[in-house]
Amino acid sequence: SWSPGTLLASNMASYPLVFLSLSLCLSRSVSLFRYNGSLPNGDRGRRKSRFSLSKRPKANGVKPSTVHAACTAQAAKAISNKDQHSISYTLYRGQTVVVEYTHDNNTDMFQIGRSTESPIDFVVTDTVAGSQSNSDTQSVQSTISRFACRVMCQRTPPYTARIYAAGFDSSKNIFLGEKAAKWKTCDGQMDGLTTNGVLVMHPRHGFTEDSKPGVWREISVCGNVFTLRETRSAQQRGKMVEAESQELVDGSLIDLCGATLLWRTAEGLSRTPTIKHLEALRQEINAARPQCPVGFNTLAFPSMRRKANEKQPWVYLQCGHVHGYHNWGSHRDRDREQGWSRECPMCRATGPYVPLWLGCEASFYLDTAPPTHAFSPCGHVCSEKTAVFWSQIPLPHGTHTFHASCPFCAQQLSGEQGYVRLIFQGPLD
């Protein structure tokens, strides 16, 4: 399986785009929100928190060819043929339109979904904010499609990557049932939307220090771009946005109604830190020997493997003052969302008091600046521009709401800004 360590050792021919380690291996990458660098039980096989798309030894892309109207013998043959990709659109009164797909030597196809069947390259499960293991999500009924979407990558320059809703199953078929939104286009072709949809947002000015939130759009089965439906599963499609493309760019966000993915490219990742750089920043902070301003004990961020220790820094989210852990100063009033309220002994501000953790997924960072800010209420630490960017991004939640979330744990942000600037006290000696 791919990982930042083994990725560099690959000799496979690759796209001129880089994953997390930014060095010898060239590939595209997709990172999954919440897991902060790895799944709770570890990255294994096709189920992992980040996924690298490398050029396949042999092209497996497909493109539409013949359209069969109604239940003809040719349509039935296309559906039953295990070597033939096809998309079936079930219309009213049992009428079906089948679109055959033929092999495309110029593209590679990668599929993402909840299914563990072999056609799926990247297996994703529902993101539940605050859960600590995969078992925490099993009781939740999944809203992610088993075959959610597919990405088609050009094998030659400029190596364009395009996303489409729905993926082909083990029989190489896609079925859009009678209740799914579907229609005939002006040129006589068929198109449709999946049940809960595939949403994409391209940030304005790319994934850079100047990035601003883009507009969420829905991608159809044929890759057309539409405004959002009234709700995720509504049968009435939005308006087609002809001026926009399904082409993925650095920083594109892909939402599968239960999991959100971040698409990164080589140029973009060259501006972000590596895992080694993040570790160096952690050691640099610890080397400065920050102290608890009350207990005068030295504080230290735990290793990137997220092991807590007695030196771990804690923060008052209302003001940003960093302390060591203590169990005094609690107020009787309990915040239903934030937990027990604490009074900061430095400035008397009252609010949540949480441990600080470094954000470990390097691809979520916009720059290589030191980690000086923490998301509220989770306490994940990153650079200022990274905190500002994610606090402005409305991520889909449920079937019709949006809110900003911490990319490292997917917890909804709170407070006036959604983050706080950390105030450390240096050693007295």
Side-chain angles (χ1 to χ4, degrees), residues 17 19-20 28-36 49-53 110 112-113 122 124-127 129 143-145 148-151 161-165 194 196-220 223 225-229 232 238 241 244-265 267-269 271-272 359 361-366 375 380 382 385-413 418:
L17 298 170
F19 188 45
L20 294 179
R28 292 177 168 91
S29 76
V30 181
S31 296
L32 183 61
F33 276 52
R34 180 176 84 84
Y35 298 108
N36 197 20
S49 66
R50 54 188 178 274
F51 182 68
S52 175
L53 282 67
F110 300 90
I112 304 171
F122 187 15
V124 296
T125 54
D126 293 75
T127 297
T143 51
I144 302 174
S145 172
C149 67
R150 62 197 191 277
V151 176
R162 295 181 173 87
I163 187 170
Y164 301 81
T194 55
N196 288 326
V198 174
L199 308 188
V200 171
M201 188 194 78
H202 308 302
R204 292 184 288 127
H205 311 302
F207 198 72
T208 67
E209 299 176 7
D210 300 320
S211 291
K212 298 294 181 183
V215 179
W216 283 99
R217 302 297 193 193
E218 181 163 10
I219 305 299
S220 72
V225 182
F226 294 85
T227 59
L228 302 187
R229 288 178 273 182
R232 290 293 288 255
V241 186
E244 297 183 19
S245 167
Q246 88 275 37
E247 181 179 336
L248 296 174
V249 297
D250 187 49
S252 291
L253 289 169
I254 306 166
D255 188 82
L256 306 179
C257 195
T260 304
L261 305 153
L262 174 66
W263 178 270
R264 296 305 314 268
T265 66
E267 183 181 359
L269 284 172
R271 296 186 293 267
T272 62
E361 180 52 75
S363 62
F364 292 152
Y365 283 76
L366 268 74
F375 287 110
H380 279 107
C382 60
K385 290 183 177 179
T386 299
V388 172
F389 174 78
W390 289 112
S391 69
Q392 297 175 344
I393 299 296
L395 297 176
H397 180 72
T399 58
H400 60 275
T401 60
F402 293 79
H403 58 62
S405 301
C406 169
F408 303 107
C409 67
Q411 192 166 351
Q412 182 177 351
L413 300 184

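Predicted model only: the values in this text are computed from it and were never measured.
Side-chain contact of His205 with Ser211: a donor-acceptor pair under 3.5 Å is absent, judged by distance alone.
Under the 3.5 Å distance criterion, the side-chain polar atoms of Asn196 are matched with a main-chain donor or acceptor of Thr143. For the pair Thr265 (side chain) and Asp250 (backbone), a donor-acceptor distance under 3.5 Å is absent.
Contact of the Cys382 side chain with the Phe408 side chain is registered, since non-hydrogen atoms from C-beta on lie closer than 4.5 Å. Looking at Ser405 and His397, their side chains never come closer than 4.5 Å, going by heavy atoms from C-beta outward. Side-chain contact between Val124 and Leu261 is present, with at least one heavy-atom pair separated by less than 4.5 Å. Residues Trp216 and Pro396 are in side-chain contact: their nearest non-hydrogen atoms beyond the backbone lie under 4.5 Å apart. Looking only at side-chain heavy atoms (C-beta outward), Trp263 and Val151 come within less than 4.5 Å of each other. Within the 4.5 Å cutoff, no side-chain heavy atoms of Ile112 are placed close to those of Ile254. Taking the side chain as every heavy atom from C-beta outward, Leu262 and Glu361 never approach each other to under 4.5 Å. Between Val200 and Leu253 there is no side-chain heavy-atom pair separated by less than 4.5 Å.
Considering every non-hydrogen atom in both Phe207 and Phe364, the closest pair reads CZ-O, 3.8 Å. Smallest separation of non-hydrogen atoms from Tyr365 and Thr386: CA-OG1, 3.5 Å. Contact between His380 and Cys406 at its shortest, heavy atoms only, is ND1-SG, 3.7 Å. Residues Gly251 and Pro203 share a closest heavy-atom pair of O-CD, 3.2 Å. Contact between Leu53 and Phe110 at its shortest, heavy atoms only, is CD2-CD1, 3.6 Å. The heavy-atom pair separating Arg217 from Thr227 by the smallest distance is NH1-CG2, 3.4 Å.
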Using side-chain contact (heavy atoms from CB on, under 4.5 Å), reason through Val215 and Glu244 one step at a time and then give a plain yes or no. CA-CA 11 Å; Val215 179; Glu244 297 183 19; 5.5 Å; no
Would Asp255 and Arg232 count as a side-chain contact (heavy atoms from CB on, under 4.5 Å) here? Give the steps. CA-CA 11 Å; Asp255 188 82; Arg232 290 293 288 255; 2.8 Å; yes
For Val198 and Cys149, run side-chain contact (heavy atoms from CB on, under 4.5 Å): C-alpha distance rounded to whole Å, both residues' side-chain angles, the deciding distance at 0.1 Å, then the answer. CA-CA 7 Å; Val198 174; Cys149 67; 4.1 Å; yes
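Residue Ile219 holds its CD1 atom at 6.5 Å from CD of Gln246, rounded to the nearest 0.5 Å. If you take OH on Tyr164 and CZ on Arg150, they are separated by 7.0 Å, rounding to the nearest 0.5 Å. His202 contributes atom NE2, which lies 6.5 Å from atom CG of Leu248 (distance to the nearest 0.5 angstrom).
By the side-chain contact (heavy atoms from CB on, under 4.5 Å) test, Ser245 pairs with Glu247, sequence neighbours left out.
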